[in-house]
Amino acid sequence: MKLKFLFPAAFALMTLPIAGQTPVYLDNSADIEDRIEDVMKRLTVEEKVAMVHAQSKFSSPGVKRLGIPEIWMTDGPHGIRAEVYWDEWNQARWTNDSCVAFPALTCLAATWNEDISYLYGKSIGEEARYRNKSVLLGPGVNIYRTPLNGRNFEYMGEDPYLASEMVVPYIKGVQSNGVAACVKHYALNNNEINRHTSNVIVDDRTLYEIYLPAFKAAVKEGGTWTIMGSYNLYKDQHGCHNEYLLNDILKGEWGFDGAVVSDWGGTHDTDEAITNGLDMEFGTGTNGLSTGTRNAYDNYYLATPYLKKIKSGEVGTEELDDKVRRILRLAFRTVMRQDRPFGSMLSDEHYAAARKIGNEGIVLLKNDGHLLPIVPETGCRILVVGENAIKMMTVGGGSSSLKVQHEISPLEGIRDAFAGKAEVSYARGYVGDVSGEYDGVSSGQNLKDDRSADELIEEAVGKAASADYVIFVGGLNKSWQQDCENSDRKGLGLPYGQDKLIEALAEANRNLVVVNISGNAVAMPWIGKVPAVVQGWYLGSEAGNSIADILSGAVNPSGKLPFTFPAALEDSPAHSVGEYPGTRRDDGIWDIEYKEGIFVGYRWFDKEEIEPLFAFGHGLSYTSFTYGKAETDSRTMTADGDITVSVDITNSGDCEGKEVVQLYISDLKSSLPRPVKELKGFRKVSLSPGESTTVTFTISKEDLSFFDPDRHKWVAEPGKFKALIGSASDDIRTEVPFVLE
Ligand code: BGC
């Protein structure tokens with residue numbers, strides 16, 4: 001309802017006469033740029049400086065005198081964060097700020113479905129709008145470089161093409177609500193350890209081919225209205241005021257017209273913040289009292305220190321005006337927008353969306369002997385084991401932690417799905433992290449269990465021996481060093497003795513299903529002994545229902561891995577040739593060189609011919625799909641033309657299912673080293689048993705190009721290529737050669 005009052009305020013702004021100026025009368029439909037210019041004429045320098053930094057943890061002031069509203073932001077990216085105190089991270093204990101938690105972005109990426117991404121963005125944007133936010137701090141698209149990165153679960157995997165395709169609809173969905181997406185963390189924020197002090201050293205080709213494409217797509221195709229700078233350094237400058245990344249590339253090469261928001265506490269220097277592309281400073285710290293200032297926010301780098309420099313003539317106002325124009329543009333696109341919908345919160349549709357995203361993102365990694373789905377016979381007994389079957393996963397993990405209206409645990413979901421069909425019992429199996437509190441939001445669970453590890457294993461194994469099926473639900477849990485912001489994992493292995501427990505369960509019962517909850521690859525030393533493995537991600541409010549839908553066969557799995565599962569940590573590029581976490585310099589900065597270059601994820605495994613535990617793009621179904629022979633409309637691509645490649649896909653099994661058809665391109669001869677193949681297209685198709693469809697991809701020169709660092713441009717070299725089409729990066733079913741003239 002508040003919106004009603006905003007229109008007259010915004011209108012008043014445009015008609016307000018000020019001394020010595022002829023008022024410009026504009027109506028609501030006037031071009032935003034004209035209105036921005038009109039406002040610019042009316043603002044004082046003090047008002048402009050106030051706009052470029054925060055006034056509270058998550059808001060920046062507008063200009064009350066002119067009716068320009070405040071800009072309110074919220075995390076992101078999986079649900080709308082609880083309201084916090086003005087100056088603190090702690091929740092403010094509102095009683096009406098619980099949200100729907102959507103699955104984590106790794107799960108979204110694993111759907112390989114752009115429509116699902118739009119649904120996600122639209123739904124979360126509606127929640128943000130209802131809560132009157134102008135900016136949603138998400139999505140995150142930092143590339144999955146190492147499986148140790150504590151924030152991989154908030155991102156979209158290891159492949160720049162997949163992340164680019166998936167981020168665009170999310171942004172469009174969010175922004176259809178008059179809420180800005182804030183794509184983060186730009187750029188090269190690929191680990192959490194030393195996140196404020198890592199200086200990334202990466203060559204230009206790798207930067208442009210691997211680490212930038214998803215941000216570029218977010219700007220150029222998604223039209224994102226804001227971007228968040230990253231904590232780390234690049235070329236010895238922090239991401240939030242990085243001349244090269246922000247001025248040269250983002251605003252220069254890509255023409256970004258939105259606002260750059262600092263990450264919270266990511267601003268470190270007034271001069272750089274003025275000149276190097278930062279528009280809004282947030283989270284620098286609020287300990288103003290200890291430094292003797294009345295208002296802590298006056299101490300921000302872009303507050304009093306900036307104003308003083310302007311007043312003394314040390315700097316001009318050209319940069320300030322540019323920042324303010326961008327912020328006004330943001331306001332007109334969001335909070336001052338005429339056609340802004342009202343949003344909605346906690347709706348049935350949002351829960352249904354969360355469940356659907358989970359259903360499409362869960363990946364069936366292994367299913368020997370068709371153990372899944374579980375179709376219970378009379379008297380069937382199912383034993384569920386593991387802490388993650390009962391632990392709330394929406395609380396924890398850092399800034400993406402949520403206060404949810406409800407969260408269905410896997411155990412609840414499984415009980416519901418099999419009610420009346422099987423007897424479901426539970427054994428704890430191991431104790432992991434029993435805390436359940438983040439920034440004042442509590443899960444309300446008491447998971448304390450004082451039994452020893454051996455006692456817990458003994459109980460679980462005892463019960464497993466007499467069960468028909470055992471479903472183990474474990475993995476990581478968003479606690480410190482287990483998929484959590486500001487910390488990385490210590491290794492690839494599962495924590496809390498889970499490997500031992502799984503081995504023991506496998507001995508006790510052949511019908512063992514392991515459901516791994518994580519946003520990262522984990523080692524599976526027991527893989528040969530476990531017939532069925534499901535990658536369950538962090539699935540949000542409807543977690544248990546989504547998992548039960550898959551286990552029971554109510555939904556046929558169709559997720560595909562957005563990153564490689566290495567068999568061992570040393571197999572992954574950052575840990576074999578690359579550097580991690582780098583070398584500490586005398587000044588305390590960690591130089592971290594991405595020596596693996598463009599060979600990230602499957603690009604590395606292909607090149608080195610290392611067999612991963614599970615490959616990028618892998619994911620099974622309860623049905624099977626056969627691929628026909630790939631055909632092109634022409635075997636020759638002219639310098640300015642496209643070609644198409646088509647393949648027939650048939651559901652050759654006996655239930656309805658979805659398949660993600662993946663197109664990879666291989667450059668057979670090149671002047672620079674190239675990956676064996678790179679993803680350049682995918683399509684998710686739904687087919688009934690026996691049904692066929694033809695999938696057609698258009699291949700353009702862009703899909704054949706690499707970034708030539710010497711010429712600083714994308715180049716497609718004439719020569720021979722191959723289009724490879726398959727069901728996973730390690731399961732190519734058909735290929736066809738062609739030539740670029
Ligand atoms: C995180 C951001 C987040 C911000 C605000 C930072 O610590 O890196 O992703 O949006 O806090 O909570």
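All residue numbers refer to positions in the sequence shown, counting from 1. Whatever order the structure lists them in is the order used to number ligands and atoms, beginning at 1.
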Determine whether the side chain, the backbone, both or neither of Arg195 has a heavy atom under 4.0 Å from any heavy atom of ligand 1.
side chain
Contact atoms of ligand 1, heavy-atom distance to Leu137 under 4.0 Å:
10 (O)
Under 4.0 Å from a heavy atom of Arg81: give me the atoms of ligand 1 that qualify, with their elements.
12 (O)
State plainly whether the residues Lys391 and Asp433 are in salt-bridge range, i.e. N to O under 4.0 Å.
yes
Report the part of Glu154 (side chain from C-beta onward, or backbone N, CA, C, O) that has a heavy atom under 4.0 Å from ligand 1; answer both or neither where that applies.
neither
I'd like to know if Asp75 pairs up with Lys184 as an ion pair, taking the criterion as any Lys NZ or Arg NE/NH1/NH2 lying under 4.0 Å from an Asp or Glu carboxylate oxygen.
yes
Cation-pi geometry met for Lys251 and Phe256 (6.0 Å, 45°)
no
Over 60° means perpendicular and under 30° means parallel, so tell me whether Tyr211 and Tyr594 are parallel, tilted or perpendicular.
tilted
Under 4.0 Å from any heavy atom of Lys184, which atoms of ligand 1 are there?
2 (C), 3 (C), 9 (O), 10 (O)
Measure the distance from atom 10 (O) of ligand 1 to every protein heavy atom, then report the residue, atom name and distance (to 0.1 Å) of the closest one.
Asp75 OD1, 2.6 Å
Answer with yes or no whether the side chains of Thr284 and Glu281 bring together a donor and an acceptor at under 3.5 Å.
yes
Nearest non-hydrogen protein atom to atom 9 (O) of ligand 1, with distance, is His185 NE2, 2.7 Å
Can you tell which part of Phe282 has a heavy atom less than 4.0 Å from ligand 1: side chain, backbone, both or neither?
neither
Looking only at heavy atoms of Glu485, does any of them come nearer than 4.0 Å to an atom of ligand 1?
yes
Proximal ligand 1 atoms for Asp263, defined as those under 4.0 Å from one of its heavy atoms
1 (C), 2 (C), 3 (C), 4 (C), 6 (C), 7 (O), 8 (O), 11 (O)
Can a donor-acceptor pair be found between the side chains of Tyr186 and Asn142 at a distance below 3.5 Å?
no
Evaluate the ring planes of Tyr120 and Tyr170, with Trp represented by its six-membered ring, and classify them as parallel (under 30°), tilted (30 to 60°) or perpendicular (over 60°).
tilted
